[in-house]
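This report refers to the structure that appears directly beneath it.
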Amino acid sequence: MPPRRSLIDELRAGGYEAALFTTYNAYLPFYEDVVLRRLLTAGVRHNVLLMDQVQYSAALQSDPPQFAGRRYTLVPIRVPGAFHPKVIFLAGKQKGLIAIGSHNLTLAGFGFNRELTNLLRISGDSDPQALVLARRAWDSVCGWLELARDQVPSEILDMAYRVKDFAPWLEKQLEGETTASRILAAHPGGESLWAQLRWLASGSVRRVMIAGAFYDDQLTFVSRVQRELQPDEVILAVEPETVQMPAGAAQLRGVRVVRGDRLGFDESQPSAKSGGYLHAKGIFIEPRDGAAVFASGSANPSRPAWLAEPDAGNVEMMFALSLIHI
């Protein structure tokens, strides 16, 4: 595999004036002392952070913010499940960058874990499809902000919405997404991630491969995949020492559990004793013919992440890609 890329290095590129981050949990000293400092040094003067309200409350007790309300806007969002998307939205007049992945805003998420993050670059009007995806991502962020309308003062929400003012390319009128690449976004009671991904998978399915660190207790999501796609087999790639998975998963008919210890391991450093905690999340649907589908992002292979139930669903974001040749 190619060497790891640093999200911190992406922040140094310059040409951006506003940044919006979403995360489940955050180590606020890391954000303020490392990430925010680099953003300000690079000329990013309007900064916003959205995080899960439960995690926000915990952070206030353990490591309270020093600069929230002065150097950046901090927005806690409460949902029945978890506010769980991991998105970086960088906006400049001529360019943009959107990162959609599994990384939380922590030192581990940005430096030590094995994470999987998709980078979408926008350069003026040169890539209409990238602009369509960017608009889809921004519309999803706006929908998440509305979830906090009754919880957060409107003045704080307005600071988050202002990120759009630094991205004139978001105003371009473009046609809809193609099926080659698509952003999947979910919130409690809305269309589930699974419904959105299921629409992309057509025809007879040979195999489904899933990676993630957290499974629901009843393997509800895995069972839904089996029932609706009816693949020959489902492969679950896990790191046995760290995965949260119900006992007996390997005994399920049609399910094979394999070790994922080397997934995302940087082979350029063979002397390293450990590749870091496997926190990446992804699903690969391999058909018997036609296009395969791969999606990665914030969603663990669990019921709250993929099925968007009104009383327990998460907010999530994934990036899906159809692969014609596999």
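Nothing fancy with the numbering, it's 1 onward along the sequence.
Val225 has its side chain out of reach of Arg227: every pair of non-hydrogen atoms, C-beta onward, lies at least 4.5 Å apart. Side-chain contact between Leu11 and Leu90: present, with at least one pair of heavy atoms (C-beta onward) separated by less than 4.5 Å. Residues Tyr27 and Leu105 have side chains not in contact (no heavy-atom distance under 4.5 Å, counting atoms from C-beta outward). Using a 4.5 Å heavy-atom cutoff, the side chains of Val293 and Leu197 are in contact. Side-chain contact check for Gln151 versus Gln53: some heavy-atom pair is nearer than 4.5 Å. Met245 places none of its side-chain heavy atoms less than 4.5 Å from the side chain of Pro240. Lys281 is listed as a side-chain neighbour of Ser102, based on a closest heavy-atom distance under 4.5 Å.
With salt bridges taken as basic N to acidic carboxylate O contacts below 4.0 Å, none links Asp158 and Arg162. One finds a salt bridge joining Lys164 and Glu171 here, because a Lys/Arg side-chain nitrogen approaches an Asp/Glu carboxylate oxygen to under 4.0 Å.
Sparse packing is recorded around CD of Gln94, with 12 or fewer heavy atoms of other residues, nucleotides or ligands lying under 6.0 Å away. Within a 6.0 Å sphere centred on CZ of Arg12, other residues, nucleotides and ligands contribute more than 12 heavy atoms. Atom CD of Glu146 has more than 12 neighbouring heavy atoms from other residues, nucleotides or ligands inside a 6.0 Å radius. Counting heavy atoms of neighbouring residues, nucleotides and ligands inside a 6.0 Å radius, atom CG of Asp9 exceeds 12 of them. Summarising the local packing, CZ of Arg253 is surrounded by 12 or fewer heavy atoms from other residues, nucleotides or ligands at distances under 6.0 Å.
Only one option out of Phe166, Trp138, Trp144 pairs with Phe89 in a ring pair (Phe, Tyr, Trp, His ring centres under 6.0 Å); it is Trp138.
Ring-centre distance between Tyr215 and Phe221: not below the 6.0 Å cut-off.
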Query - side-chain hydrogen bond (donor to acceptor under 3.5 Å, both in side chains) assessment of Glu115 paired with Asn113 - result: CA-CA 6 Å; Glu115 308 279 4; Asn113 291 349; 3.0 Å; yes
Report task. Please assess Asn47 against Leu36 for the test side-chain contact (heavy atoms from CB on, under 4.5 Å), listing each intermediate value before the final yes or no. Result -> CA-CA 8 Å; Asn47 292 281; Leu36 182 62; 3.7 Å; yes
Requested in this report: With side-chain contact (heavy atoms from CB on, under 4.5 Å) as the test, would you mind laying out the steps for His103 and Ile88 before giving the verdict?
Outcome: CA-CA 10 Å; His103 58 273; Ile88 302 172; 3.9 Å; yes
Could you tabulate the donor-acceptor pairs under 3.5 Å formed by side-chain atoms of residues 69-86, not counting sequence neighbours?
unit_1: Arg70; atom_1: NH2; unit_2: Gln66; atom_2: O; d: 2.5
unit_1: Tyr72; atom_1: OH; unit_2: Glu32; atom_2: OE2; d: 2.7
unit_1: His84; atom_1: ND1; unit_2: Ser298; atom_2: O; d: 3.0
unit_1: His84; atom_1: ND1; unit_2: Glu316; atom_2: OE1; d: 2.9
unit_1: His84; atom_1: ND1; unit_2: Glu316; atom_2: OE2; d: 3.3
unit_1: Lys86; atom_1: NZ; unit_2: His84; atom_2: O; d: 3.3
unit_1: Lys86; atom_1: NZ; unit_2: Asn104; atom_2: OD1; d: 2.8

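For Glu241, the side chain to side chain donor-acceptor pair (under 3.5 Å) partners at least two apart in sequence or on another chain are Arg259.
Between Ser223 and Gln226, the side chains place no donor N or O within less than 3.5 Å of an acceptor N or O (distance only, hydrogens not considered). In summary, the side chains of Glu228 and Trp194 do present a donor paired with an acceptor at a separation below 3.5 Å, with no hydrogens or angles considered.
Closest non-hydrogen pair, Ala299 versus Ala305, comes out as CB-CB, 3.9 Å. Here the closest non-hydrogen pair linking Asn118 and Ser296 is ND2-OG, 3.0 Å. Across all non-hydrogen atoms, the minimal contact from Leu229 to Val205 is O-CB, 4.1 Å. Closest of all the heavy-atom pairs between Lys93 and Trp169 is O-CD1, 3.6 Å.
Atom CZ of Phe21 sits about 8.5 Å away from atom CG of Leu49, to the nearest 0.5 Å.
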